[in-house]
Protein chains: 6
Amino acid sequence: MPYVNIKITREGATQAQKAELIAGVTDLLVRVLDKNPATTFVVIDEVAMEDWGVGGVPVEQYRKRLKART
Amino acid sequence: MPYVNIKITREGATQAQKAELIAGVTDLLVRVLDKNPATTFVVIDEVAMEDWGVGGVPVEQYRKRLKART
Amino acid sequence: MPYVNIKITREGATQAQKAELIAGVTDLLVRVLDKNPATTFVVIDEVAMEDWGVGGVPVEQYRKRLKART
Amino acid sequence: MPYVNIKITREGATQAQKAELIAGVTDLLVRVLDKNPATTFVVIDEVAMEDWGVGGVPVEQYRKRLKART
Amino acid sequence: MPYVNIKITREGATQAQKAELIAGVTDLLVRVLDKNPATTFVVIDEVAMEDWGVGGVPVEQYRKRLKART
Amino acid sequence: MPYVNIKITREGATQAQKAELIAGVTDLLVRVLDKNPATTFVVIDEVAMEDWGVGGVPVEQYRKRLKART
């Protein structure tokens with residue numbers, strides 16, 4: 001009975017894409033660990049850009065910095 | 001000093017129901033483990049239906065499927 | 001289909017006490033929100049004392065400090 | 001930059017199986033949402049059987065109950 | 001490659017304050033554990049007041065109770 | 001009343017280093033958001049190397065790959 005939590009930045013993931021993530025993760029757990037899909041939960045959290053930091057700065061600033069380097 | 005996180009699908013839980021969950025979980029931890037309520041945190045997350053998967057599909061689809069079987 | 005995570009400091013909670021927490025939280029969700037117990041997950045995490053901080057210090061030190069005050 | 005947390009009961013998942021979960025989830029996020037694997041984290045938690053509840057009882061008891069029904 | 005999740009009550013934290021939290025936590029992990037900032041994630045969750053409980057009641061009620069005592 | 005969860009790979013962080021993380025995060029929340037340290041929780045999780053993935057592989061393999069490139 002696995003529980004999977006997927007956190008992504010909020011950037012317009014569609015319902016279809018979320019359904020694909022749910023199906024894909026569940027299939028993976030069935031295939032690799034023979035888990036029962038009926039007791040496999042997947043919870044997706046979309047996190048606002050300003051609430052996600054990497055490299056010590058909010059993610060938007062981080063991406064600009066990466067771009068500026070190239 | 002327990003920390004409890006309750007995740008439920010967003011389906012109209014009222015403030016009163018949430019307060020009941022907070023009171024009930026705290027009482028349980030006091031009764032079973034003699035915890036101090038003043039340092040017991042309860043955080044409730046309401047998750048959009050499209051963000052919760054079970055059985056490899058979003059929860060709404062899962063419920064329809066269950067109904068169709070009966 | 002709720003998911004509940006309970007974090008407590010590791011201080012010898014017994015299997016019976018854990019079973020009581022699982023039963024109690026599940027009953028609460030059934031009673032307050034009419035949730036289905038078959039799709040209610042409860043996961044308990046016991047956290048080592050040195051890994052839990054409150055008041056800016058590890059929990060053991062925090063308790064000594066509180067005692068010293070009284 | 002997704003963060004994925006997979007919680008499973010501790011029942012002898014091997015290093016190879018864990019590596020397969022890590023690869024599979026990362027591939028899924030690349031394929032569905034075009035995420036960068038270099039900033040995709042996957043954290044696996046193995047949870048002791050007595051710490052996981054479903055149907056209001058610890059998971060082992062839950063499985064016995066299911067078997068007894070069939 | 002640390003992952004840090006900060007949960008606070010939703011009470012108007014500004015983008016600048018969030019950026020300060022992200023910078024501060026990342027610096028701390030670099031300084032104390034020599035972690036690489038490029039693989040340090042910080043995710044901030046703002047939790048509605050009615051969804052956070054302490055002392056067995058929602059946080060707003062808890063604060064009123066504390067004030068009434070003094 | 002913030003709750004902070006810090007996940008790091010298990011690589012020998014000492015009690016003193018953990019205490020420094022607890023103190024540092026708490027100070028940060030006091031300074032930036034004027035939070036009360038007495039109701040600020042910090043929970044540290046050390047995650048086994050084989051349970052942490054990045055770039056689609058377990059962290060140890062990821063580091064070897066990075067080294068091989070330079």
Side-chain angles (χ1 to χ4, degrees), chain A, chain E:
Chain A
M1 41 210 62
Y3 169 81
V4 181
N5 179 227
I6 300 175
K7 284 186 201 300
I8 51 174
T9 40
R10 178 168 289 131
E11 301 179 77
T14 63
Q15 283 206 18
Q17 287 172 321
K18 289 174 180 182
E20 229 181 308
L21 290 181
I22 289 167
V25 168
T26 308
D27 287 354
L28 184 72
L29 284 156
V30 171
R31 206 175 65 233
V32 177
L33 293 176
D34 196 29
K35 294 296 181 184
N36 179 0
T39 49
T40 297
F41 286 4
V42 182
V43 172
I44 299 168
D45 287 328
E46 289 183 282
V47 177
M49 300 290 275
E50 70 180 57
D51 291 333
W52 196 303
V54 57
V57 294
V59 75
E60 228 156 348
Q61 204 175 326
Y62 183 75
R63 288 179 183 166
K64 277 183 202 155
R65 201 199 277 174
L66 281 188
K67 263 194 191 162
R69 275 193 203 154
T70 52
Chain E
M1 43 209 61
Y3 170 80
V4 180
N5 180 227
I6 300 176
K7 285 186 200 301
I8 52 174
T9 41
R10 178 169 289 131
E11 302 179 76
T14 64
Q15 284 206 18
Q17 286 172 323
K18 289 175 180 181
E20 227 180 310
L21 290 181
I22 289 168
V25 169
T26 307
D27 286 354
L28 184 71
L29 284 156
V30 171
R31 206 175 63 232
V32 177
L33 293 177
D34 196 28
K35 294 295 182 186
N36 179 359
T39 48
T40 297
F41 286 4
V42 182
V43 172
I44 300 168
D45 288 328
E46 289 182 281
V47 177
M49 300 291 275
E50 71 181 57
D51 292 333
W52 197 302
V54 57
V57 294
V59 74
E60 227 156 350
Q61 203 173 327
Y62 184 74
R63 289 180 183 165
K64 276 182 202 155
R65 199 198 277 172
L66 281 189
K67 262 195 192 158
R69 274 194 202 153
T70 51

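Any value given below was found using the heavy atoms of this structure, including those in side chains, with hydrogens, waters and symmetry copies removed.
Using a 4.5 Å cut-off between heavy atoms, Val57(A) touches chain E through its backbone atoms (N, CA, C, O) alone.
For the atom pair CE of Met49(A) and CD of Gln15(E), the computed distance is 11.0 Å after rounding to the nearest 0.5 Å.
Closest of all the heavy-atom pairs between Glu50(A) and Ile22(E) is O-CD1, 4.1 Å.
Around atom CD of Glu60(E), no more than 12 heavy atoms belonging to other residues, nucleotides or ligands sit under 6.0 Å away.
For the set Thr26(E), Val25(E), Thr39(E), Leu29(E), the entry with the most heavy-atom pairs within less than 4.5 Å of chain A is Thr26(E).
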